[in-house]
Amino acid sequence: MKTIPSGQLEKLNRICMEILKSYHEAIGVALMALDCGCVKVSGVSAKGDPVGKMSEVTRDHLSRSGTPICLACRKKGWMNRVVRREIFWPGSEDEKPDKKLRMKIGHRVFGAKYSDKD
């Protein structure tokens with residue numbers, strides 16, 4: 001499994017915190033890393049429902065105008081290119097939802113094969 005480059009990780013952390021501040025019903029952020037290096041993110045509620053719109057953190061591909069773009073992500077079928085699924089839980093260990101709730105949310109968001117990696 002590839003690690004996320006530090007520059008992209010900083011952007012990703014910023015977007016996650018922005019989602020959590022903007023949508024009070026979001027208790028976590030679902031992350032889907034793609035084989036091209038881009039990451040799709042969306043807030044999730046305590047019931048596992050999506051909160052807000054899905055955002056993308058590109059792997060530093062730039063268009064001619066200087067805007068981030070990934071040609072692979074513009075094509076249909078990006079869902080088939082997901083190489084890692086996880087949920088970002090803000091705060092310290094003590095502030096995270098309990099393991100049972102995290103698993104319930106993870107299964108609702110990503111399906112039965114989801115596993116909490118801590």
Side-chain angles (χ1 to χ4, degrees):
M1 195 179 306
K2 294 180 184 177
T3 58
I4 297 171
S6 63
Q8 187 183 26
L9 189 59
E10 290 170 20
K11 289 184 222 172
L12 193 55
N13 282 331
R14 243 188 345 261
I15 287 176
C16 287
M17 295 316 291
E18 183 106 1
I19 288 170
L20 294 167
K21 285 180 188 174
S22 299
Y23 301 99
H24 300 291
E25 63 274 23
I27 66 165
V29 178
L31 306 164
M32 292 177 287
L34 306 177
D35 61 359
C36 60
C38 295
V39 180
K40 304 272 188 183
V41 298
S42 177
V44 292
S45 73
K47 293 180 180 178
D49 295 327
V51 176
K53 65 177 186 159
M54 185 176 292
S55 300
E56 180 178 0
V57 179
T58 61
R59 192 194 67 199
D60 298 327
H61 304 283
L62 296 178
S63 69
R64 290 182 188 167
S65 66
T67 12
I69 188 172
C70 176
L71 297 176
C73 288
R74 294 187 72 185
K75 296 178 184 177
K76 290 186 178 182
W78 66 263
M79 288 291 289
N80 298 327
R81 299 186 300 107
V82 176
V83 294
R84 185 168 86 206
R85 293 170 173 84
E86 61 186 271
I87 299 180
F88 168 77
W89 303 106
S92 68
E93 271 306 306
D94 295 339
E95 296 173 302
K96 286 183 181 181
D98 67 27
K99 176 109 176 164
K100 187 176 178 180
L101 179 58
R102 291 195 316 259
M103 290 301 293
K104 182 178 178 183
I105 292 169
H107 287 140
R108 168 116 182 181
V109 172
F110 296 122
K113 293 184 180 180
Y114 173 77
S115 72
D116 197 8
K117 295 170 185 73
D118 55 286

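Computation of the quantities below employed the complete heavy-atom set of this structure, encompassing side-chain atoms and omitting hydrogens, waters and symmetry-equivalent molecules.
- Tested against V51, the residues S42, S45, S22 include a single side chain to side chain contact (heavy atoms under 4.5 Å, CB included) partner, S45.
- Comment: K21 does not engage E18 in a salt bridge, judged by the lack of any side-chain N to carboxylate O separation of less than 4.0 angstrom.
- Shortest non-hydrogen contact noted between G43 and I19 is CA-CG2, 3.7 Å.
- Between D49 and R108, some side-chain heavy-atom pair lies under the 4.5 Å cut-off.
- Rounded to the nearest 0.5 Å, atoms CG (L34) and CE (M79) are 9.5 Å apart.
- A side-chain donor-acceptor contact under 3.5 Å links R81 to the backbone of A72.
- The minimum heavy-atom distance linking V44 with A30 is given by the pair CG1-CB, 3.9 Å.
- Considering every non-hydrogen atom in both I27 and A46, the closest pair reads CD1-CA, 3.6 Å.
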Open item on the list: Checking K100 against K104 for the side-chain contact (heavy atoms from CB on, under 4.5 Å) test, could you report, in this order, the C-alpha distance in whole Å, the side-chain angles of both residues, the deciding distance, and whether it holds?
Closed with: CA-CA 6 Å; K100 187 176 178 180; K104 182 178 178 183; 5.9 Å; no
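- Applying the ring pair (Phe, Tyr, Trp, His ring centres under 6.0 Å) rule to F110 yields the partners Y114; only residues at least two apart in sequence or on another chain are considered.
- In plain terms, the two heavy atoms of G28 and L20 that are nearest each other are N-CD2, 3.8 Å.
- Here CD1 of I87 is found 9.5 Å from CE of M103. Values are rounded to the nearest 0.5 Å.
- Considering all non-hydrogen atoms of both residues, K11 and V57 come closest at CB-CG1, 4.0 Å.
- Under a cut-off of 6.0 angstrom, the local environment of NZ in K40 is crowded, with over 12 non-hydrogen atoms contributed by other residues, nucleotides or ligands.
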